[in-house]
Amino acid sequence: MNQAGETPALLIIGIGNPSRGDDALGPLLIERLEALQLPDVELLTDFQLQVEYVLDLRGRREVVFVDASLDAPAPFTFAPVVALEDASYSSHELSPGAVLHVYHKLFGEPPPAFVLALRGEAFELGEGLSEAASAHLEAALDFIAQRFSDTCP
Amino acid sequence: MNLETAAHPEGLRRVAIDPISRVEGHGKVTLLLDEEDHIQQARLHIVEFRGFEKFIQGRPYWEVPVMVQRLCGICPVSHHLAASKALDQIVGAHQLTPTAEKLRRLMHYGQILQSHALHFFHLSSPDLLFGFDSEVAKRNIVGVAAAYPEVARQGVLLRKYGQEVIRHTAGKRIHGTGSVPGGVNKNLALAERDALLKDIYQIIGWSLEAVHMARALFEQNLEQYNAFGRFRTHTLSLIRADGAMDLYHGGLRARAAGNNGDGKTIFDHVDYNHYWEHILEEVKPWSYMKFPFLRALGPEAGWYRVGPLTRVTQCDFIPTPLAERERQAFLAFDGGRVTGATLAYHWARMIEMLHAAEAIKELLHDADLQGDELVVAEKDRGERQDRGIGMIEAPRGTLIHHYRVDENDQVIRANLIVATTHNNQAMNEAVRQVARQYLDGRKLTEGLLNHIEVAIRAFDPCLSCATHALGKMPLQVALLDAEGQEIDRMLRGACSAGVPARSGPWL
């Protein structure tokens, strides 16, 4: 909720384990964004997406999922994501598209959503962020801060 | 034939279900079949994570309750609380303040509620509602949302409520810091209490409906559910001093394998600070995960089962009225046969969810939650210790945390025994029973292989280490011939890998 008691228009969810090397990219980006105090934006982090996140999507103008990726080209990709019935339904961990699909089944058309996929290299327990991932984090932070400063009134 | 090890494995055909879907973490089942498709060997393998000691060693002990949450994205609160209980001993806090203990209990029951709701509604209801070999494309939460939208909606909202309890008690939605060595670092503000009270009666109502739904599913498929993956086993859980179910604290109770829940008591009200006098672990060459057993009975006969089915059947009573009424109905159902049925885990799990909802309601009405004595005062503490052991009944079963610290307050040893490890042999037995009952002598199909997974899923195994980066995990079911050549493959759901469960020989 914002100061007026309304649901912030923008939701950014950082996904990842802070203690697993570059898997921390999502939570770290959220941590850095918290310091910027962007208006009308709610920031959340979690290890992984689960079905209850459909409730967090309600009333949003836009949603961004931030995650580390082994597949994304460096430093990051930013792309729209649509409701998708993929194999992640059968696990403890849903993909962003699967969350949107459950939303669609329960509540109708989901808000526009994007995935910010930051390139990661190493994911061992207890490891810190790799040098390359640190650079990707800075690039993504610049991008998303710019995007939201353009979006927010 | 016990099916653990084939007498003549050479020349047998190998089928691998790798990884198993809808369980947390990475597990694999291998089957060895002869030329006539008779099962000669069935094994559940767990790809076990072995980095925990390295991860935690050298850290100051007060960081541990927060750090251990990063081992698991599914039950971080259980690790948070088990670690806190162990570290209470390190700091000499043997009796928490009422506010601290009740806050921790509230957090724990929130965790039980959200975890059980996720498992029943999201992970298991597709099998139970549509059938074990129903159309695979429909056998998931989206299929449930389409066919049973109210069931899916209640599942989501129950899960969300449990998460809200955690958020208010742990201070954050994840990576909470609410529990600290010797107590907690916040109480429950009146506004937080009122926010939770607003919905608790609805949550209790839905939980009761969920118990009835689990019972109805059992009744509709009585013979199949009673026989499916059934085996005799000893049981182990924590128990309150008066015999009540207590998921936060108690002594250890073990009962022998009996008929219809009438097994004799092996030990009772044992202080878990000396658990190794009663529980040992065996290593088998074909599995990374150890096999715990009751020391008095030895490795061959002493394996046991933990978790909701054990807790509901071997407690003397549940100390909340609706859950106790449902427990009595559960025990009386079908002459008590249900108490030994693997698929009765689901019914028992819903009884526990109802108990958790009732316990949350009772705690929310307790003014101690707004108290100011958050940690045990220095004057009330005993001597600092270099060893701490915490035990809790996590959603999936008994969880043990065991630490040693040095004079510089650094952790020098850490050991976890998680519920999935306790259930290792029991899950293997369930797999073998289902292999005998459904797969032996038949051509394998996805639906038949899913029967194996249904049996494993009943235990709700959790092997998570909470990594998940996009594209990280290869997800497949591979069918191999006798030479190990792949002849078929299909994709499975995403999952995490690894398991924080390994114990060392030290005490």
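All chains are named by letter (A, B, ...) in the order of the sequence lines, taking the proteins before the strands, and each is independently numbered beginning at 1.
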Quiz prompt | salt bridge (Lys or Arg N to Asp or Glu O under 4.0 Å) assessment of B:R70 paired with A:D23 | solution = CA-CA 11 Å; B:R70 297 179 182 179; A:D23 202 32; over 6 Å; no

Quiz item: Are A:V54 and B:R153 close enough, and set up right, to give a side-chain contact (heavy atoms from CB on, under 4.5 Å), and what steps lead you there?
Solution: CA-CA 10 Å; A:V54 300; B:R153 194 178 75 87; over 6 Å; no

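With a 4.5 Å cut-off on side-chain heavy atoms, B:Q163 and A:E52 count as touching.
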In residues 105-118 of chain A, what donor-acceptor pairs under 3.5 Å come from side-chain atoms, sequence neighbours left out?
none

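A:D22 does not touch chain B: none of its heavy atoms, backbone or side chain, sits under 4.5 Å away. Contact of A:L44 with chain B is made through the side chain alone, with heavy-atom distances under 4.5 Å.
Within residues 130-141 of chain A, no residue has any heavy atom under 4.5 Å from a heavy atom of chain B.
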